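Keep in mind the model is a prediction, meaning the values are calculated, not measured. When reading the values below, keep in mind they use all heavy atoms of this one structure, side chains included, and skip hydrogens, waters and symmetry mates. Residue numbers count from 1 along this sequence.
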Amino acid sequence: MRYIDWYYEKVKKERKIFENRKDGYKGWKDLVTGTYYCISDEDYNRIYEEGKQMLGQFLKEGSLKKMEQLFYGHERTKDADLFPDLPYFMNLETDIEECARIRDYVCFRTACLYALKYPYLQNASIQNVSIQNNSVQKASTHNVSSEEESRNQIRMQGFSWHFADNAGECEELERIEQMLLMAGGTKTKNGSIIDLTELVDLVKGGLVKIKQYYLETNKIPEIRGASLLLERVNTEKMEQLISREHIRECLIYAGGGKMMGIFPNGTGEDMRRKIEVMAEKETVTALFNFCSRPYQLTRLVTDYKNVVDEMDLALEERQGLRWDFRLEPQADRFLLSDLLKHEGGKEIKDSENEFCTSCRNRHAAAVLTHGGEEEKLCPSCLRKRSEGGRSAKRSRHQKYKEFVQRTYKKVISDDVKSYNKLSDLSENGFIGIIYGDANSMSSGINRLNSFMTMRYFSEVTADAVTSIVYRALYKNLGNSLSFEIIAVGGDDIFLFVPGNKAYDIACTIGQEFDDQFQNKSNQEYQMTMSLGVCITHDNMPVQYSFAAAQELLKSAKQKAWQEGKKGNAGGTIDWMVIENEMPGGADLTYLRKSVTDKPEKTLRPYTWDQARAVKKFIKKLEDEKSFAFQLRQSWYRHTKEEAELFYEYQVSRKEDTKVRCALKRLAREFGGEAASHNIMCQGTAYSPWLDAVELWDYTEVCDEKGGNRNSASYKVL
């Protein structure tokens, strides 16, 4: 089995491969990709010791902030900064181990320590209040500061114990570590059984029907606002709430609209309610579902998979019993007045008589006037509009620009466009809707065996997917900011981009996703991505074009499943250009139904190799567009014999054989052979001309020197 040098990859950003693990190297299996990594004992021990010294210094200074930066920061400038990312080996007796990082181990054990010490904190808090003889207000103030100080001490102890030499002893952490070692297959020091019967509360859940919340309207500021509100609830606000009520480490993961946290016994139900209240206050009408259940701490560690299955079942049952009481939310008058001050408008007193002109789902609560036109908005749309304005656009673009500067050492200047309409994003009146979803994410999650590994998986995938999307946008758009990111997180991707860039951006995202999550040891794909791309007029209602993208994604995923059965694991893409209103709407079965005695209309969906082959086919025939169009029309107008005769006659008039050669090369990529003007695959004839003509003006076709017909600077591989 081939091993990848972890330290070399981290520092040099290159890959050093060993055919077998060498002596003097530690080895482990990555939980996300299945890659076998190794690191020399010298590198591991050096980083480990430098990290310990750093933690010891932070502990001596009493600097919790610096400890947080070490374990939660992402800037890695020196070896000591790599300390939290080192693998934490629970069982060195085994030849290879699936292990999480030191940071995941430290954060989980700190959450467990807090849960065990929480009753003592509460008792101490009560005693502090009882001895106060002054005012109630003074007693309350003393209580808060004292409890906060105790929490900080617990966190510092959890971060530094057994890593910093001056951390001291902790009976609870000793018990927690022995329990974790047993779960990892390692015997305790004295062979005894460690059983932590203390109860903790597990809270799990998230937002549901997210796309429905995004797409209640066709207006970019409100779609953007909905996206930002959900993102804020799931990350920033969730973390703030949990840090305020307990400690940050209680949050195991939050991303992709989902969360999971471990809390002291008796506090889970209260946290569930507070999370739901926070989510409702922020989003007004988004749907969510959370539940809380108590578990013995030992069972959380030793029976992780069954515990998660039980929580998922509880969530499913609760969701079935819930009633959406916010279809017609009551406007919070205080919140409404703040929003109106920001947007400039007036409240509608009798809202029962007016419907929202944006979503048309709820009664209007306020009226805004812009450019002499009135808009009547419900509380939800008003909230989205307030959050999704120009400042929000700049904020999202700023993260992208920081990534480009950090990764490519390039500076992108501010774009003067506001991109408040789809037409602002379009190219020649067309936009592209890209909707992607990972194919094997659930199987990857099912392989996890602990909350520590779940935390690792969640963080790594979220960061990787964001970086993949940013890289694809920069490679294809260069310095332009003409894109809108609606959702990027977990295994979901939802973007608006210029129509003539959509296909290339989607192909870049899909191929890079597959490569990023490939098992580097055996070159097998662990997780792949399928994407649906709808290219359409910028005045097309978003709900319609997104419905088409959803159908295309389903088609692409079906192709990925079929290829997987053949042993050809990899991502796929399906796409459609809607230039005119089509009968049947977004029903692909209707649009692509075969006709008797005619070849199949399309070669779609494609694998990534096939997607590149179609682009090369178009490039080879870039001077033959009228000829390709004539062959496309012959599919409709002529019989099979007439179409073949027409093809042979037209080809014979040309001086070279590039048309025949291009068709043969394309046929090979699809596992077939050229038969006259069609491609024969397993006894079925397919027409490539329909795909070529439809895609002709919506892709960047590379030339021999590495450029392309439409851009002198950027090449899509």
**Item:** SB check E9 K13 (cutoff 4.0 Å)
**Value:** no
**Asked** Do E177 and Y105 have side-chain atoms, one donor and one acceptor, less than 3.5 Å apart?
**Response** yes
**Request:** Return the minimal non-hydrogen interatomic distance between D201 and S292, and the atom names on each side.
**Result:** CB-OG, 4.1 Å
**Asked** With a 4.0 Å cut-off, would you call E231 and R396 a salt bridge?
**Response** yes
**Message:** Looking only at the side chains, is there a donor atom on one of N449 and K305 sitting less than 3.5 Å from an acceptor on the other?
**Reply:** no
**Asked** Do Y253 and F451 have ring centroids that are under 6.0 Å from one another?
**Response** no
**Side-chain donor or acceptor of N519 paired with backbone N/O of E524 under 3.5 Å** = no
**Request:** Identify the two heavy atoms, one from T528 and one from G571, that lie closest to each other, and give their separation to 0.1 Å.
**Result:** CB-N, 3.7 Å
**Prompt:** Would you call R151 and E147 a salt bridge, using N to O less than 4.0 angstrom?
**Reply:** yes
**Complete:** Rounded to the nearest 0.5 angstrom, the CD-CG distance for Q153 and L121 is 9.5 Å
**Prompt:** Are any side-chain N or O atoms of S150 and backbone N or O atoms of S146, one a donor and one an acceptor, separated by less than 3.5 Å?
**Reply:** yes
**Request:** Begin with the C-alpha distance, continue with both residues' side-chain angles, and end with the deciding distance and a verdict on salt bridge (Lys or Arg N to Asp or Glu O under 4.0 Å) for R175 and E171.
**Result:** CA-CA 6 Å; R175 293 172 64 205; E171 180 184 349; 5.5 Å; no
**Prompt:** Under the 3.5 angstrom rule, does the side chain of R109 hit a backbone N or O of G158 as a donor-acceptor pair?
**Reply:** yes
**Request:** Give a yes or no on whether the backbone of K520 and the side-chain of T35 come within a donor-acceptor separation of less than 3.5 Å.
**Result:** yes
**Separation between CG of L228 and CD of E282, rounded to the nearest 0.5 Å** = 11.5 Å
**Request:** To the nearest 0.5 Å, tell me how far M454 CE sits from L31 CG.
**Result:** 11.0 Å
**N/O donor-acceptor pair under 3.5 Å between N568 side chain and G564 backbone** = no
**Request:** Examine the side chains of D79 and Y7 and answer whether a donor and an acceptor come within less than 3.5 Å of each other.
**Result:** yes
**Asked** Side-chain donor-acceptor pair under 3.5 Å between T33 and D30, yes or no?
**Response** yes
**Fill in**
Of all heavy-atom pairs linking C250 and I242, the shortest is CB-CG2, 3.9 Å
**Message:** Per the salt bridge (Lys or Arg N to Asp or Glu O under 4.0 Å) rule, what does the pair list look like for residues 49-59, sequence neighbours excluded?
**Reply:** K52-D165
**Message:** Classify the ring geometry of H246 against F263: parallel below 30°, tilted from 30° to 60°, perpendicular beyond 60°.
**Reply:** tilted
**Item:** Verdict with reasoning, E276 to R318, per salt bridge (Lys or Arg N to Asp or Glu O under 4.0 Å)
**Value:** CA-CA 14 Å; E276 290 184 347; R318 189 168 188 268; 3.0 Å; yes
**Asked** So, the side chain of T461 versus the backbone of S458: is there a donor-acceptor pair under 3.5 Å, distance only?
**Response** yes
**Under 3.5 Å donor-acceptor, K274 side chain and E245 backbone** = no
**Item:** Rounded distance [0.5 Å steps], CG in L297 versus CG in L199
**Value:** 9.5 Å
**Item:** Side-chain H-bond candidate by donor/acceptor type, Q157 with K117, under 3.5 Å
**Value:** yes
**Prompt:** To the nearest 0.5 Å, what is the distance between CZ (R447) and OG (S443)?
**Reply:** 5.0 Å
**Message:** Please confirm whether the ring centroid of F517 lies under 6.0 Å from the ring centroid of Y525.
**Reply:** no
**Message:** Let's go through E310 and R299 carefully: what are the C-alpha distance in whole Å and the side-chain angles of both, what is the deciding distance for salt bridge (Lys or Arg N to Asp or Glu O under 4.0 Å) to 0.1 Å, and is it a yes or a no?
**Reply:** CA-CA 12 Å; E310 290 173 10; R299 190 176 172 218; 2.6 Å; yes
**Asked** Can any side-chain N or O of N234 pair as donor or acceptor with the backbone N or O of G255 at less than 3.5 Å?
**Response** yes
**Asked** NZ of K22 to SG of C38: how many Å apart, nearest 0.5 Å?
**Response** 8.5 Å
**Asked** Is NZ or CZ of K16 both nearer than 6.0 Å to the six-membered ring centre of Y8 and within 45° of the ring axis?
**Response** yes
**Message:** Whether the side chain of D514 engages the backbone of M529 through a donor-acceptor N/O pair (distance < 3.5 Å, no angle test) should be reported.
**Reply:** yes
**Modelled atom types, side-chain donor and acceptor of Y72 and E249, under 3.5 Å** = yes
**Asked** If every non-hydrogen atom of V203 is compared with every non-hydrogen atom of G268, which pair is closest and at what distance?
**Response** CG2-O, 3.6 Å
**Asked** What are the two closest non-hydrogen atoms of W28 and C99, and how far apart are they?
**Response** CB-SG, 3.7 Å
**Complete:** Residue pairs meeting salt bridge (Lys or Arg N to Asp or Glu O under 4.0 Å), one or both in residues 285-298, sequence neighbours left out, come to none
**Asked** Where do I262 and L202 come nearest, in terms of heavy atoms and distance?
**Response** CG1-CD1, 3.8 Å
**Prompt:** Are Y3 and Y25 close enough that their ring centres sit under 6.0 Å apart?
**Reply:** no
**Item:** Side-chain (N306) to main-chain (D303) donor-acceptor, under 3.5 angstrom
**Value:** no
**Request:** Pick out which of K554, K211, K557 makes a salt bridge (charged side-chain N to carboxylate O under 4.0 Å, His left out) with D437.
**Result:** K557
